[in-house]
Novice: 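Pasting a structure here, questions to come.
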Amino acid sequence: MAGRAQPVSPWPGVGAAALVAALILGTLAAVALRADTAGGFGPADWAALRFTLVQAVLSALFSAGLAIPVARALARRRFRGRSALIALLGAPFILPVIVAILGLLQVFGRAGWISDILGLFGLPPLRIYGLHGVVLAHVFFNLPLATRLILQAWQEIPAERFRLAAQLGCDGFTMFRLIELPMLRRILPGVLAVIFAICLTSFAVALTLGGGPRATTLELAIYQSFTYDFDLGRAALLSGLQLALTAVAALAALKFSRGDGFGAGLDRTIRRWDGGAPAVDACWIGVAAAFLLLPLAAVVISGLTGLFEMPALVFRSAVISVLVAATSTIVLLILALPMAMAVATGRHGIVELSGILGLAASPLVIGTGLFILIRPVANPVTLALPVTALVNAVMALPFALRILVPAAHDVVVRHGRLALSLDMDKRTFFTRVLLPRMHPQIRFAAGLSAALSMGDLGVIALFADPQIATLPLQIYRLMGAYQMQAAAGAALLLLLLSMGAFWLLDRGGRLHAET
Amino acid sequence: MLKLDGCVIENGKFSLRADFAVEAGASIAIIGPSGAGKSTLLEAIAGFRDLKQGKIFWDGYLISKLAPGKRPLAMLFQDGNLFPHLTVEQNISLGLRSNGRLSIDERSEVQFALDRVALSGLGDRKPAELSGGQQSRVALARVLVQRRQMLLLDEPFAALGPALKAEMLDLVAGLLTETGTTLLMVSHDPQDARRIACQTILVADEKAHPPAPTRYLFDNPPPSLRDYLG
């Protein structure tokens, strides 16, 4: 839209973006000033760096590699429950990590279901701790994401292309090479880069399934130098390294995930003329579904018995988690809505930039920085919960912006001229046009943010204090004390709270969720 | 009187010159090949597009520095003339007060406007529940309560069938004579121009020509108009 006037003001968004940038860069600066360059990198630090890179590369390769046949099968088969399965692929994104890990332990662990079956044949049980456990958990979380991304690209291939190819007599491999391979070549670098970036900052998985000198990620090393040695200089040094790494990965992910599409099709229903073996597709879909559903089922089954063995402490933690999630969601909306509006007016690169910064930031780095900044003036432990809520909001910001920006842009383009010609002031436009039109997206973003915050086990572990814990931290402590029954019950409670918060907030926006 | 004084409007690579005056109360059609800049001209008058050069006056007052909503005109676009989440009444109310909170007198004014466009009783419907013609009537009712001195139409009835479009234009013409409003209407159909506009502005060759009597223009078309009419 040309012209100088806009129905929304970009300045609140610019202010919010500046705050976010100040938080991320300010904590980074605080960390950098403390960094202990004199000591340099020890062998343990190099090991952490190497392990971080190796597990992230493996996780990305396995997730994307397995996602290709699953997405292909989903793209060309129609069956009952297909859309439910695709919706389920979105679930791991908001699934609390600690819950998934309990489920994975139940299935793949030493005393898990598969080990039990192996035992029947006299085989030794599986060992889940270490590199392969970390990669397994990352594949559990990122296989669905990769499948969704690739499936979406598959479905964006206009039906006309398949019709044309069929008309030219292409089948099987020829069709794959002609149409699908170029699509994969376009989408895969982005998928790999995104998963690589996500796995770089993985903390809770490494905390529970890794550990030890041979399976420590940088995030975990930051945490350990903080809590075990209270070596702020080393924590700061590792934080700087982590930030450089994630910044490069996030930039790569952004760069690769651009690229032009296939051009518009006329939206015919996709019908394909190449056969392929239905049994193979069914097999891929079945295995993927089992891989996702079994751990969740395990959590529910063992959680039901554990529900009655939970100490009262668990309920206290649940209340704390709900409060933190609510605060975090409110903070997120206060930041994200003005930022989305500013981006929608199309003139403020700084706002988008600080949204991207959030992708590169690591919660433990922000946490370390805040700890360093707060310590001279107050006891950081007393501020554990507000800090957790704030960091959770900043971490959810990039996702919220991706949901809100297109909607805000659409509202401004579609209704901006009319509002201006009616001399509507900015406040009225916000309350009477923007909020009602963006209602579904706002609910979706709020639901996502609440669920992410509810399940987060990150910065709270830094500031932990025996008296105060969020529910995920409490579960981790119960696991550490080998109270597995109580941990399973608490995990089920956390699962219900996260999904419940998401469902409650998103209910109105659900209709707009494209599969 | 609307006066465009040495105006140059830029839209990407293309620029349009406009230097003409329109009598108050006149009904003017704007006609020309597609892409010649008919909508660009209206957008500049309405304030959605900056002038590169020149000034626009209404009754001697400079209006080209004013924000779109502060200019003495109402405009109907090709689409998006109603907020889809608001009811018919709420949409019309926005023409009176941009926050939509009305006094009792203003409420009865909204009802009167609804009667005037033959939509009484449909005030609590949402736009999606109305036909295309009814939606156009709601937009006209809002224009009516806005009480602006000029009305700019950027082909808001283009999606309607010929009979319905003619009906809308007659309704517009009727409302204009009652209120003495000046009309500027983009059209690509000579029939529309003949129907309600006594004068026509030809936009062609990067220039908006001064208004000429519609009948005369169509009977003796200059070369650029002749090419367009075919």
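As the structure is a prediction and not an experimental result, all values here were calculated from the model. Proteins get letters first, then strands, A, B, ... in listed order; numbering begins at 1 in each. Heavy-atom basis, side chains included; hydrogens, waters and symmetry copies ignored.
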Novice: Are side-chain N/O atoms of B:Gln90 and B:His85 paired as donor and acceptor at under 3.5 Å?
Specialist: no
Novice: Identify whether the distance between the nearest side-chain nitrogen and carboxylate oxygen of B:Glu106 and B:Arg97 falls below 4.0 Å.
Specialist: yes
Novice: Is it the side chain or the backbone of B:Leu86 that comes within 4.5 Å of chain A heavy atoms, both, or neither?
Specialist: side chain
Novice: How about B:Phe48 and B:Phe77: are their ring centres within less than 6.0 Å of each other?
Specialist: yes
Novice: Between the side chains of B:Arg116 and B:Glu178, is the shortest nitrogen-to-carboxylate-oxygen separation below 4.0 Å, so that they form an ion pair?
Specialist: yes
Novice: Select one option (side chain, backbone, both, neither) describing which atoms of B:Arg142 are under 4.5 Å from chain A's heavy atoms.
Specialist: side chain
Novice: Name the member of B:Lys70, B:Arg148, B:Met75, B:Glu43 that forms the most heavy-atom pairs with chain A at distances under 4.5 Å.
Specialist: B:Lys70
